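What follows is one structure encoded as structure tokens, with my remarks underneath.
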Amino acid sequence: MNETLDPRYDPEGIEAPLYRRWEAAGLFHVPAGDVKRPYVISIPPPNVTGVLHMGHALNHTIQDVLIRWRRMQGCDAVWVPGMDHAGIATQNVVERELAKEGLTRWDLGRERFVERVWAWVEEYGDQILDQQRAIGDSCDWERTRFTLDEGLSRAVREVFVRLYEKGLIYRGSYIINWCPRCQTALSNEEVEHKEVAGKLYQIRYPLAEAGEEGVVVTTTRPETMLGDTGVAVHPEDARYHALVGAELILPLVGRRLPIVADEYVDPEFGSGAVKVTPAHDPNDFEIGERHGLLRVNVMSADASMSDEVPEAYRGLDRFEARERVLEDLETAGFLVGTEPHTHAVGHCYRCDTAVEPWLSEQWFVRMKPLAERGLAAHREGRLRFHPEHFGKKYDHWMENIRDWCISRQLWWGHRIPVWYCEACDAQVVAREDPTECPECGGGLEQDPDVLDTWFSSALWPFSTVGWPEETEDLRALYPTHALVTGPGIIFFWVARMVMMGLEFMGELPFRDVVINGTVRDHLGRRMAKSLGNGIDPLEVVERFGADAMRYTLVNATAMGTNIQLNYQDLESAFAVGRNFGNKIWNAARFALPYLSEEDVAESPLDRALELEDRWILSRFHGVVLEINEALEAFRLHDAASAVYRFGWGEFCDWYLELVKTRLRGDRGEEGRAAATTTLAHALDGWMRLLHPIMPFISETIALRLPGRGEAYTIVSGPWPEPPEEWSDAAAERDMSSLQEIVGHVRNLRAEYGVDPGREVRVMVRGATPELRSALEGAGEGVARLARAAFQEVDGQPPSGPGAHAVLRSGAELFLPLADLVDVERERARLSKELARLEKILASSKARLESRKFLERAPADVVEREREKERSVEERRRRLVEKRRALEGTG
RNA sequence: GGGGCGGUAGCUCAGCUGGCUAGAGCGCUGCGUUCACAUCGCAGAAGUCGGGGGUUCGAAUCCCUCCCGCCCCA
């Protein structure tokens with residue numbers, strides 16, 4: 001199929017149909033039985049409520065590049081897609097919908113509410129999968145999973161039961177982070193700390209013994225004083241030695257508070273005395289434990305004041321209560337001081353409400369034993385982060401790991417598989433729902449809570465492929481290879497997958513963790529719905545094509561750094577990718593009509609290759625190595641810029657330009673055939689190298705090479721492996737001399753404003769034999785690119801006014817420009833160039849004159865320095881000569 | 001308070017384990033459109049590599065320190 005390409009590059013017209021064809025042909029699916037050389041990536045499952053944003057686009061493009069590259073290399077590449085039920089997030093979305101109808105989840109009741117969420121999921125849940133198709137994700141859709149589907153739910157339950165049986169899951173009353181709006185516990189990771197301008201209040205607690213002044217304590221949350229059950233001081237704080245063991249009276253409440261000595265207290269901070277509220281602060285909880293203090297829970301689930309406080313405050317919202325408490329303390333004379341103070345306040349990561357440290361009964365996972373192996377895996381180099389420094393964050397977190405609160409007071413999620421007997425106090429933890437108490441035969445009631453969403457996410461790499469069943473998929477697809485994700489969920493997700501993988505599979509779930517950058521706007525702000533600064537990937541796809549977006553993203557991000565895109569000017573934000581696509585299209589449009597089936601089938605080495613042919617094949621050989629190396633090291637941006645430089649800077653700018661006339665047969669049939677065969681291979685190779693990053697345009701062009709039909713594809717490879725013979729150092733050296741000549745002539749022409757249409761005469765003196773033969777070989781093309789007629793001269797230097805340049809090899813160029821050259825101007829130009837050379841020469845000479853340099857620097861470095869000095873010195877000498885010659889003509 | 005990241009051209013960033021005359025894209029300036037591409041071509045201007053100190057024959061790169069941004073955890 002050798003039809004011509006549309007004159008206009010229209011990504012919208014080619015992308016969607018192509019994707020449908022790929023999917024229909026099953027190119028992204030590998031049956032488990034066929035997996036011989038697996039390369040597996042488990043997608044970070046997007047929230048089922050989600051729509052694709054730029055962060056996904058970046059994250060997915062990186063994964064797709066890796067998957068497509070390995071697939072082309074002949075691996076059985078499987079990218080397992082899916083979605084996360086996203087407990088709190090999804091429940092919130094549906095609750096908001098209900099609110100529009102004036103309803104709450106309580107009005108519906110648990111069962112009907114959960115049905116309602118499922119209905120929502122069924123209606124909107126698949127949206128994001130189609131968006132993934134639009135950006136080209138080559139997922140194995142037949143393996144799509146949802147964290148709440150049957151198989152994954154079984155995995156969740158199995159894990160819970162096993163951990164429980166191993167004593168790694170326990171239930172207890174501890175301080176957890178409570179979101180009063182979502183009315184659920186949160187893990188430490190689900191709390192975002194924000195600096196808030198608050199106040200520091202000093203409150204005097206009088207001693208129980210009458211007549212004494214008492215002790216001043218400091219707090220940012222005065223309402224919690226209602227739950228104080230003690231005051232702590234540092235054991236070595238001389239100011240309070242006498243008071244330890246004495247009792248204070250809690251103002252407004254009247255409770256007697258013991259003064260205890262505890263190392264935790266910082267004697268430098270405030271008065272050195274700390275109020276202790278065991279039910280509302282994790283540190284106070286521990287102090288309370290150590291000293292046997294009471295726990296008084298002064299708040300209800302909605303953060304209003306509970307019945308444990310004096311009547312006047314009951315039912316007040318926590319912030320109202322704060323004001324009332326302050327007023328009352330003031331009136332009673334207990335408030336001694338107030339000062340401004342900024343401190344970090346935890347907020348719910350889903351609804352942004354200030355969380356309350358709250359004492360409640362929750363389920364926890366004991367993390368230390370799990371973390372040890374995860375930590376060892378990284379330290380021993382079996383688990384690697386890219387970029388490496390993210391490993392430090394991982395280590396730090398793992399070393400300081402705390403138990404994980406996994407119960408959530410939500411309705412949407414995996415119900416905790418624990419039942420309580422209504423008759424005796426038995427507690428049943430089971431894989432299958434029990435019907436009666438095994439102890440006494442009494443009725444059972446299941447724990448009302450569900451598990452943290454991240455509990456099921458932690459199992460993702462093996463739960464998606466069948467675990468706990470010993471499936472073929474599980475054997476073929478675990479462990480996965482790379483995990484690609486954002487920096488924000490290393491703790492939420494990555495670390496937990498590592499721990500669970502090691503625990504249940506006995507093997508890491510992946511060896512390489514690739515952390516992608518954060519997409520920000522042009523002002524450096526994170527893209528967020530609330531800021532309205534986001535970019536819709538689908539709009540970008542529609543306007544510039546998925547390929548343009550993918551290229552722009554891959555090119556712009558060194559792993560783990562930020563990527564800035566201007567949402568107000570998509571045109572320029574995606575210009576790199578869009579322009580590149582256009583260039584590729586046009587290059588192919590130009591080249592294809594010259595090619596025949598034979599060109600595609602034959603080896604270029606069997607043709608009578610000319611310099612530029614050998615050069616482009618050699619460059620291709622080089623760029624393949626460069627790209628392989630970059631991709632292996634997850635430096636996708638290096639691969640992107642390499643394929644760009646090769647395609648645009650070498651193939652288009654030089655090769656196509658040089659062979660234009662040969663393609664039309666100006667140098668005979670042999671010359672034409674060598675050019676077309678080389679061209680076919682270079683173009684095909686370029687498209688293959690491009691394919692992982694820009695799959696649509698590369699495939700479109702590749703299948704239009706003669707002899708290939710609609711059924712042809714490069715999706716399955718092969719990935720280029722150019723023969724060693726294509727590498728040709730001599731060709732590269734000679735071409736680079738020619739490029740240098742063209743550069744000089746173009747520069748001089750521009751300097752002197754030579755009419756672009758006018759051909760100039762260029763005299764070359766002192767050419768090396770290599771240069772001479774190169775000029776003979778490719779002279780015609782070079783002459784065309786420089787719009788110059790070359791003429792070799794030797795012996796005496798050319799006379800008359802003109803412009804000069806000296807090449808690195810020492811050869812000289814002279815352009816006689818009698819009517820154009822302004823002697824003063826040429827002299828100034830030469831002087832400027834001379835000054836530049838002098839500077840380089842000076843530093844080079846200084847180095848070479850230093851004995852230490854000669855003694856200590858490696859020989860090759862010294863040799864290179866000598867070579868540089870020689871070359872610069874030679875050019876300087878020639879230019880000085882030229883300048884002197886000008887004196888005569890001025 | 002603890003941990004981490006970054007400061008290279010007007011902008012966004014490359015530059016790996018120290019060694020070619022520090023690069024790219026965008027932007028800017030000049031010239032150019034019968035000839036694949038103006039979403040283009042050619043040429044050009046532009047950098048005390050945050051400041052200071054040190055190690056070294058040699059530092060954008062390694063060490064120390066200071067300044068300025070940012071992130072995570074308490």
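Quick note on labels: first sequence line is chain A, next is B, and so on, each numbered from 1. Everything numeric in this text was worked out from a predicted model, so none of it was measured. When reading the values below, keep in mind they use all heavy atoms of this one structure, side chains included, and skip hydrogens, waters and symmetry mates.
- Within the 4.0 angstrom heavy-atom criterion, no nucleotide atom of any strand lies near Arg787(A).
- Contact annotation: Lys392(A) reaches the phosphate of C5(B) (side-chain N/O to OP1 or OP2, under 4.0 Å).
- Counting only N and O atoms by type, the side chains of Asp512(A) and His386(A) include a donor and acceptor under 3.5 Å apart.
- Each of Asn586(A) and Val872(A) was matched to the nucleotide of RNA chain B holding its nearest heavy atom; the match closer to the 5' end belongs to Val872(A).
- Rounded to whole Å, the P atom of C63(B) lies 11 Å from the corresponding atom of C5(B).
- Side-chain proximity of Pro756(A) to C40(B), G32(B), G41(B): nearest is G32(B).
- Between G44(B), G19(B), C37(B), one nucleotide has an atom nearer to the side chain of Ala857(A) than all others, and that is G19(B).
- Computed from coordinates, the Asn582(A) CG to U39(B) C1' distance equals 4 Å when rounded to whole Å.
- Going from atom CG of Leu748(A) over to atom P of G30(B) covers 22 Å, rounded to whole Å.
- Using N1 to N3 plus N6-O4 or O6-N4 for Watson-Crick, or N1-O2 and O6-N3 for G-U wobble, each under 3.5 Å, A22(B) pairs with nothing.
- Rounded to whole Å, the distance from CD on Glu399(A) to C1' on C72(B) is 15 Å.
- With ring centers used as reference points, His378(A) lies under 6.0 Å from Phe385(A).
- The cationic group of Arg746(A) lies under 6.0 Å from the six-membered ring centre of Trp654(A) and within 45° of the ring axis, placing it in a cation-pi geometry.
- A straight line from CZ of Phe385(A) to C1' of C16(B) spans 20 Å, rounded to a whole angstrom.
- Using P as the reference atom, G52(B) and A59(B) are 14 Å apart when rounded to the nearest Å.
- If you check C5(B) for Watson-Crick or wobble pairing at under 3.5 angstrom, you find it paired to G69(B).
- Between Ile697(A) atom CD1 and C37(B) atom P there is a gap of 15 Å when expressed in whole angstrom units.
- Between Tyr551(A) and Phe574(A), the gap from one ring centroid to the other reaches at least 6.0 Å.
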Do Leu186(A) and Ile176(A) pass the side-chain contact (heavy atoms from CB on, under 4.5 Å) test, and can you show the C-alpha distance, the side-chain angles, and the key distance before you say yes or no?
CA-CA 7 Å; Leu186(A) 301 171; Ile176(A) 45 79; over 6 Å; no
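- Distance check on atom P: C64(B) versus C73(B) gives 26 Å, rounded to whole Å.
- Residue contacts for Val576(A): at a heavy-atom cut-off of 4.0 Å it reaches the sugar-phosphate backbone alone, with no base atom in range.
- Ala575(A) comes within 4.0 angstrom of nothing in the nucleic acid, heavy atoms only.
- Among the atoms of the strands shown, base atoms are found under 4.0 Å from some heavy atom of Arg578(A).
- Between the side chain of Glu15(A) and the backbone N or O of Asp547(A), at least one donor-acceptor pair lies under 3.5 Å.
- Note: OH (Tyr644(A)) to C1' (C40(B)) measures 12 Å, nearest angstrom.
- Nucleotides U12(B) and C20(B) have their P atoms positioned 27 Å apart, rounded to a whole Å.
- Contact annotation for Pro858(A): base contact, defined as any heavy-atom pair under 4.0 Å involving a base atom.
- For C40(B) and G3(B), the C1' atoms lie 50 Å apart once the distance is rounded to whole Å.
- Base-pair partner of G27(B): not found among the strands shown (Watson-Crick or G-U wobble, both distances under 3.5 Å).
- Residue whose closest nucleotide on RNA chain B sits further toward the 5' end, between Arg402(A) and Arg746(A): Arg746(A).
- Evaluation of atom-type donor-acceptor distances gives no pair under 3.5 Å for the side chain of Arg520(A) against the base of U12(B).
- Taking the P atoms as reference points, C49(B) lies 13 Å from G10(B), given to the whole Å.
- A donor-acceptor contact under 3.5 Å is formed by the side chain of Lys583(A) with the base of C37(B).
- Checked by atom type and distance alone, the side chain of Arg749(A) never pairs as donor or acceptor with a backbone atom of Ala788(A) at under 3.5 Å.
- Taking 4.0 angstrom as the limit, Trp648(A) places a side-chain polar atom (N or O) nearer than this to OP1 or OP2 of G41(B).
- Note on Asn400(A): every side-chain N or O is 4.0 Å or more away from OP1 and OP2 of C73(B).
- With hydrogens and angles ignored, the 3.5 Å screen pairs a side-chain donor or acceptor of Asp262(A) with a backbone N or O of Tyr264(A).
- Arg8(A) comes within 4.0 angstrom of a base, heavy atoms only.
- Picking from A43(B), G41(B), C31(B) the nucleotide with the shortest atom distance to the side chain of Asn747(A) gives A43(B).
- Distances were taken from every side-chain heavy atom of Phe491(A) (C-beta onward) to each of C72(B), G32(B), G15(B); the shortest belongs to C72(B).
- Regarding Tyr594(A), its OH atom lies at a distance of 9 Å from the C1' atom of A36(B), rounded to whole Å.
- To the nearest whole angstrom, the two C1' atoms, one in U39(B) and one in A45(B), are 25 Å apart.
- Of the C1' atoms belonging to U55(B) and U61(B), the separation is 14 Å, rounded to the nearest Å.
- One atom, CZ of Phe580(A), and another, P of C26(B), lie 12 Å apart when rounded to the nearest Å.
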